Amino acid sequence: MGQNILIEISARHIHLSKEHLEILFGEGYELTVKKMLSQPGQFACEERVSVIGPKGKFSMSVLGPVRERTQVEISLTDARTIGVSAPIRESGDVEGSGSCVLEGPRGTVILKEGVIAAKRHIHLHTETAKRFGLHDHETVSLLTGGDRGLIFDNTIVRVSDKFSDAAHIDYDE
């Protein structure tokens, strides 16, 4: 059954906890919205953070709003480039994941876990998921068309009333 969904590229980025935001940028610091993203309430920030591994570092965009736990999302190529581990995980599943050092204008955080390569996924609003006959955390194949069409197997469906319909893959994919 063919259904059309917008596919977006998810570049390397970081989600910060309130605690780490204040260490990196100063006590009481609030994120500055640069632009709203396709998922309601999510935004790219003016702020950037250096993510440092044993072999190098990247300056990365911060995404808001703040989260309960800090999470660094990079591609597997990025992980290899800076020498960190980034297991392929669903967003939020950071227990036992990779480590790095975060550097901001006001401080440094040694992140013991939180580095992942995000598992490819499709955000679906509840109504769209019903229409497609799909359920939260179901695994599907995502078929792309065009001259270089391909199939992304093992794509996780994420369903919520808060989502806009969009698939997310990273630059390696």
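We number each residue from 1, following the sequence as shown. As the structure is a prediction and not an experimental result, all values here were calculated from the model. Hydrogens, waters and symmetry mates are skipped; everything else that's a heavy atom, side chains included, is used.
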Once you round to the nearest 0.5 Å, how far does CD1 of I110 lie from OG of S99? 9.5 Å

For I9, does the CD1 atom sit with more than 12 other heavy atoms under 6.0 Å from it, leaving out its own atoms? yes

For I156, the hydrophobic cluster (side chain heavy atoms closer than 4.5 Å, chained through members) also holds none

Taking C-beta and beyond as the side chain, do V49 and L24 meet within less than 4.5 Å on heavy atoms? yes

Would you say the side-chain atoms of T77 and D172 include a donor-acceptor pair closer than 3.5 Å? yes

State the CZ-OG1 distance between F25 and T32, to the nearest 0.5 angstrom. 9.0 Å

When the side chains of residues 137-144 are checked against the rest of the protein, which donor-acceptor pairs come out under 3.5 Å, sequence neighbours left out?
from, atom 1, to, atom 2, distance (Å)
H137, NE2, E90, OE1, 3.1
E138, OE1, H135, N, 2.8
S141, OG, D153, OD1, 2.7
T144, OG1, L150, N, 2.9
T144, OG1, L150, O, 3.1

If you measure only the distance, is there a donor-acceptor pair under 3.5 Å linking the side chains of S17 and R67? no

Could you tell me whether the side chain of R106 reaches within less than 4.5 Å of the side chain of I23, counting heavy atoms only? no

To the closest 0.5 Å, what do you measure between OG (S75) and CD (E173)? 9.5 Å

Could you tell me whether the side chain of R158 reaches within less than 4.5 Å of the side chain of I122, counting heavy atoms only? no

To the nearest 0.5 Å, how far apart are NE2 in H125 and CZ in R131? 10.5 Å

Does any N or O in the side chain of E73 come within less than 3.5 Å of the main-chain N or O of H13, such that one atom is a donor and the other an acceptor? no

Remaining members of L6's ILVMFWY cluster at a side-chain heavy-atom cut-off under 4.5 Å? none

Nearest heavy atoms of Q71 and D93, plus distance in Å: OE1-N, 4.4 Å

How long is the gap from CZ on F58 to CZ on R48, to the nearest 0.5 Å? 11.5 Å

If you define the side chain from C-beta out and look only at heavy atoms, does anything of L76 sit under 4.5 Å from D170? no

Heavy-atom distance under 4.5 Å between the side chains of L111 and V51, does that happen here? no

Considering non-hydrogen atoms only, spot the tightest contact between I88 and K119 and give its length. CG2-CA, 3.9 Å

What residues, two or more places apart in sequence or in another chain, satisfy side-chain contact (heavy atoms from CB on, under 4.5 Å) together with K18? E22, E30

Are the side chains of C100 and I82 in touch, meaning some heavy atoms are under 4.5 Å apart? no

F43: what forms a side-chain contact (heavy atoms from CB on, under 4.5 Å) with it, not counting sequence neighbours? L31, V33, M36, C45, P65

In the structure I gave you, are the side-chain heavy atoms of V101 and K57 within less than 4.5 Å of one another anywhere? no

Members sharing L63's hydrophobic cluster (side chains within less than 4.5 Å): L37

Distance-only donor-acceptor check, side chains E8 and S38, under 3.5 Å: yes

For residues S97 and E113, determine if any side-chain heavy atom of one lies less than 4.5 Å from a side-chain heavy atom of the other. yes

Which heavy-atom pair separates V115 from P87 by the least distance, and what is that distance? O-CD, 3.5 Å

